[in-house]
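The structure displayed is predicted, hence computed values, not measured ones.
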Amino acid sequence: MTNIRFDAISKSYQRERITIEEKGRRSELFAVNVFNKERMLQYLTKDALESVESAMFSGSKIDRKIADQVAESMKAWAITMGATHYTHWFQPLTGATAEKHDAFFDLLPDGRALEKFGGGQLVQQEPDASSFPSGGIRNTFEARGYTAWDPTSPAFIYGTTLCIPTIFVSYTGEALDNKAPLLRALNAVDEAATAVAKYFDKNVSKVSATLGWEQEYFLLDKALAFSRPDIVMTGRTLIGNKAAKGQQLDDHYFGVIPDRVLSFMSDLEKECTKLGIPVKTRHNEVAPNQFELAPIFEEANLAVDHNLLLMDVMDKIADKHSFKVLFHEKPFAGINGSGKHNNWSLATNTGVNLLSPGSTPMKNLQFLTFFINTIKAVDNYEELMRSSIASASNDHRLGANEAPPAIFSIFVGSQLSNVLDELEGVSKGKLSPQEKTQLKLNVVGKIPEILLDNTDRNRTSPFAFTGNKFEMRGVGAKTNCAKPMTVLNTIVAKQLQDFKKEVDVLIDKKSLKKDEAVFNVLREYIKTSKRIRFDGDGYSKEWENEAVRRKLSNNKNTPSALQIMTAKESIALFKSMKVMSEVEIAARKEVDLETYIFQIQIEGRVYNELVYSYIIPTAIDYQNELIKNVMGLKDIYGAAHKKLSDGQLSIIEQIAEHIVALKKLTDLMIDARRSANSLKDVNKKAFAYCDNVKPYFDQIRSHCDRLERLMDDRLWPLTKYRELLFQK
Ligand code: ADP
Ligand code: MG
């Protein structure tokens, strides 16, 4: 019998020796493959440059003549860089990116060949995209989908292809992707935040959301990873006995990066640098063979594109180094899974971070305004925030004592809690001059500048203030950041809009001074949003109980978490902020539910295969060997054999029990899948998969893992945790 496991292990030792090569200054390589401002200055006429810049700054339309010019210049530059093809690069609701390459090459009617790429091809395309999920949008309206140029994210060359970031919409304008709603949300937060920022500085004319993500991932030896059908099919191990050693010694975290991994990382960083992704930090994470990469933060839309591009680049570079990279949120039981913290803030065109405490009372009042409005926004829409990070794979992490719970709360730290408590005590209406002075000097004026080093103490919080930004920690490693960023920026936009209305009423109708009005409204917000603030241990059982008292949601699985998307208040929110229509929201929910169903269904099928084609046959082989052995002993020793074959007989029986249980559970799981599949309603089907199919997985796993512990290592058909996780 050939054993794929030993085949894989021997392959993994045959790989080439890797040498580490990290030459040259990164700054010289930065963005050489990007059609950014520097290239535009070089290639575009003044008119065209102005037009593109105005489209980037204020979203104005670029006229067709200018688009032709831009396309011509892009093509000229791309060809000098060795590009032969171009593609509209977009983000369908699959969560990944999509591309369809066209050659620049074209033929004239007289048969002459030329390189062609005009404004038409730059601005809009109609990919044959009927197989992308649309949540029914394209069935009910029009089959066609269009991609349209997003000039706010610069085109780049990837391999030999010029990639043009685009949105993907239906014929009737509904978003079929993750980028279009994100751009609308960013626009909404820009408008609302700019209006509020003007209270403090008239020169502010634009506010951009900023995003700095931190990407966690696992790196496995490629041959070993591919020897496991579960990793290949689902991105995670569905079974596998835990290795004797996991992460208990904390010897991997921030440890010395192994040579082979370092070589991968430096190649990766070089490629990212050329693509304009400002990667900055790299380190070992908590679990064995787990790592993290983080860039310098950027404008949110660009940061989202860069994260998606990064995941793709990682796949390719890993392959070159005979690695397989895993972005799954929980590839291995018993050790940490991977997430993607999203650090978020708001920045003005005047260079100010609106969530950074300042050196004057006025700046601090501005800080408090944005800080408290964010808290209020999350309090109002905590359940929607949870829904934005829901997926079958992330369900394993949230609330499993390694990532924040599924309950949304905000950590602000004791210093800022004190400031909020003092502000809450301010009297209503007009303030006396003494009160104002006291407030400005002793409360607002005293927000310490050392905050930055003092806040980031609570790793159990899903939404923590970390000195000059909020950090959203429940985002899954695979998740497209556009989803949480769309929700967060929309709810903050809505909140800032409401805030401005309330402040203006106090100024106009109650003739309060601006700062008095701001204080008055903020004080109310502090009171009404208290339940969302929690500085304690988010992993504790007490918090779960406390959250029930506070009426905070605690949706532990994806189907439950997604329900809020189509609640009346969510639809009203997205509609009023012009981020999504009711049709678009319903479509998204449906796509997310379907994705959930498919993922659980695929896992269920792989369990079938593992149990029937790998585990049971192997268990029978080993059992047969033991039976032969016992019979041999009986032949030789006769009745006296009993004493000698006690151990074997007990193992034979245990194996038999596991086989019986495995067969029974797997068949029950298949039945449950069958009856889930017969449901037409996607909601019901998702719940059926969640409540009736998925619960079998852990039970099946437990029998497989016990068999792994019982059996001869030489027969075990699957590469073990010890081999997958400690291979360097
Ligand atoms: P960790 O969470 O690993 O301790 P940090 O808290 O230092 O790391 O997070 C650093 C991350 O925060 C980086 O990815 C950085 O780009 C990002 N970041 C810093 N300032 C901002 C900001 N104003 N807006 C968005 N992201 C930011
Ligand atoms: Mg972090």
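Between T237 and L718, the closest side-chain pair of non-hydrogen atoms is not below 4.5 Å. Residues N608 and M669 form a side-chain contact, since some pair of their non-hydrogen atoms from C-beta on lies under 4.5 Å apart. Counting heavy atoms from C-beta outward, F226 and V232 have side chains that approach closer than 4.5 Å. For the pair I375 and I532, the minimum side-chain heavy-atom distance is below 4.5 Å. Residues N241 and W716 are not in side-chain contact: their nearest non-hydrogen atoms beyond the backbone lie 4.5 Å or more apart. No side-chain heavy atom of E99 sits under 4.5 Å from any side-chain heavy atom of T161. Contact check for L346 versus T374: no side-chain heavy atoms found under the 4.5 Å cut-off. Two residues are said to be in side-chain contact when any heavy atoms from C-beta on lie closer than 4.5 Å; N468 and L355 fail this criterion.
Although no hydrogens or angles enter the test, the distance criterion places a donor-acceptor pair under 3.5 Å between the side chain of N394 and the main chain of G474. Side-chain atoms of Y596 never come within 3.5 Å of backbone atoms of A390 as a donor-acceptor pair (strictly under, hydrogens ignored). A donor-acceptor pair is defined here as one N or O able to donate and one able to accept, closer than 3.5 Å; such a pair exists between the side chain of D535 and the backbone of V412. Between the side chain of W213 and the main chain of A303, a donor-acceptor pair closer than 3.5 Å is present. Side chain of S387 to main chain of L562: no donor-acceptor pair is present (N/O by atom type, distance under 3.5 Å, no hydrogens or angles). Using a distance-only test at 3.5 Å, with no hydrogens or angles considered, no donor-acceptor pair links the side chain of E269 to the main chain of V279. When atom types are taken as modelled, the side chain of S613 and the backbone of L610 share no donor-acceptor pair closer than 3.5 angstrom. Under a 3.5 Å cut-off, the side chain of R260 and the backbone N or O of S322 do form a donor-acceptor pair. E329 places no side-chain N or O within 3.5 Å of a backbone atom of R397 that could act as its donor or acceptor partner. K340 places no side-chain N or O within donor-acceptor distance of the main-chain N or O of C481, the cut-off being under 3.5 Å.
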message: As a quick check of understanding, evaluate side chain to side chain contact (heavy atoms under 4.5 Å, CB included) for N178 and K483, giving each step before the final call.
response: CA-CA 7 Å; N178 287 308; K483 289 171 108 182; 3.8 Å; yes
- request: Determine, stepwise, if the pair T666 / Y612 fulfils side-chain hydrogen bond (donor to acceptor under 3.5 Å, both in side chains).
  value: CA-CA 9 Å; T666 306; Y612 273 109; 5.9 Å; no
task: Using the side chain to side chain contact (heavy atoms under 4.5 Å, CB included) rule, take L724 and R228 through it: C-alpha gap first, then chi angles, then the decisive distance, then the call.
output: CA-CA 10 Å; L724 289 167; R228 298 259 329 201; 4.2 Å; yes
task: Would you sort out whether F297 and N343 count as a side chain to side chain contact (heavy atoms under 4.5 Å, CB included), showing the intermediate values?
output: CA-CA 8 Å; F297 69 92; N343 297 275; over 6 Å; no
task: Evaluate side-chain hydrogen bond (donor to acceptor under 3.5 Å, both in side chains) for N336 paired with Q290, printing each intermediate quantity in order.
output: CA-CA 9 Å; N336 280 11; Q290 190 189 28; 5.2 Å; no
field: side-chain hydrogen bond (donor to acceptor under 3.5 Å, both in side chains) between N33 and E271, intermediate numbers included
entry: CA-CA 9 Å; N33 288 351; E271 194 56 38; 4.7 Å; no
task: Tell me, with the steps shown, if F264 and F291 meet ring-ring contact (aromatic ring centres under 6.0 Å, His included).
output: CA-CA 12 Å; F264 154 80; F291 305 92; 8.1 Å; no
task: Apply the test side chain to side chain contact (heavy atoms under 4.5 Å, CB included) to residues M233 and L238: give CA-CA distance (whole Å), side-chain angles for both, the deciding distance (0.1 Å), then the verdict.
output: CA-CA 10 Å; M233 291 290 130; L238 295 181; over 6 Å; no
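If you take CD on E723 and CD1 on I9, they are separated by 3.5 Å, rounding to the nearest 0.5 Å. Residue M385 holds its CE atom at 4.5 Å from CZ of F463, rounded to the nearest 0.5 Å. Distance check, rounded to the nearest 0.5 Å: CZ of R605 to CZ of R673 gives 6.5 Å. Separation of atoms CG (N480) and CG (L308) is listed at 4.5 Å; rounding is to 0.5 Å. Atom CZ of R701 sits about 9.0 Å away from atom SG of C704, to the nearest 0.5 Å. With values rounded to the nearest 0.5 angstrom, L262 atom CG is found 11.5 Å from L268 atom CG.
Annotation for P559 and L593: closest pair CA-CD2, 4.1 Å, computed over non-hydrogen atoms. A pairwise comparison of heavy atoms in V611 and P617 identifies O-CD, 3.9 Å as the closest pair. For the residue pair E216 and A477, the shortest heavy atom distance occurs at O-CB, 3.8 Å. Considering all non-hydrogen atoms of both residues, N555 and S560 come closest at OD1-CB, 3.7 Å. Of all the heavy atoms in L725 and P288, the pair that sits closest is CD2-O, 3.5 Å. Heavy atoms only, all atoms of each residue included: V261 and I257 are closest at CG1-CG2, 3.8 Å.
In this pair, F470 and W344 present their aromatic rings tilted. The plane angle is within the 30 to 60° band. Below 30°, between 30° and 60°, or above 60°: for F90 and F132 the angle between ring planes is above 60°, a perpendicular geometry.
Look at D177 and K179 and you find no salt bridge, because none of the NZ, NE, NH1 or NH2 atoms lies under 4.0 Å from a carboxylate O.
When Q601, K694, Q599 are each tested for a side chain to side chain donor-acceptor pair (under 3.5 Å) with Y689, only one passes: Q601. The only option from K556, R386, K330 that meets the salt bridge (Lys or Arg N to Asp or Glu O under 4.0 Å) definition with D395 turns out to be R386.
Ring to ring, Y696 and Y607 are not that close: their centroids are 6.0 angstrom or more apart. Checked against the 6.0 Å centroid criterion, the rings of Y158 and W89 do not qualify as a close aromatic pair.
Atom NZ of K316 is surrounded by more than 12 heavy atoms from other residues, nucleotides or ligands within 6.0 Å. Other residues, nucleotides and ligands contribute more than 12 heavy atoms inside 6.0 Å of the CZ atom of R709.
With sequence neighbours excluded, the residues that form a side-chain contact (heavy atoms from CB on, under 4.5 Å) with S227 are A8, T719.
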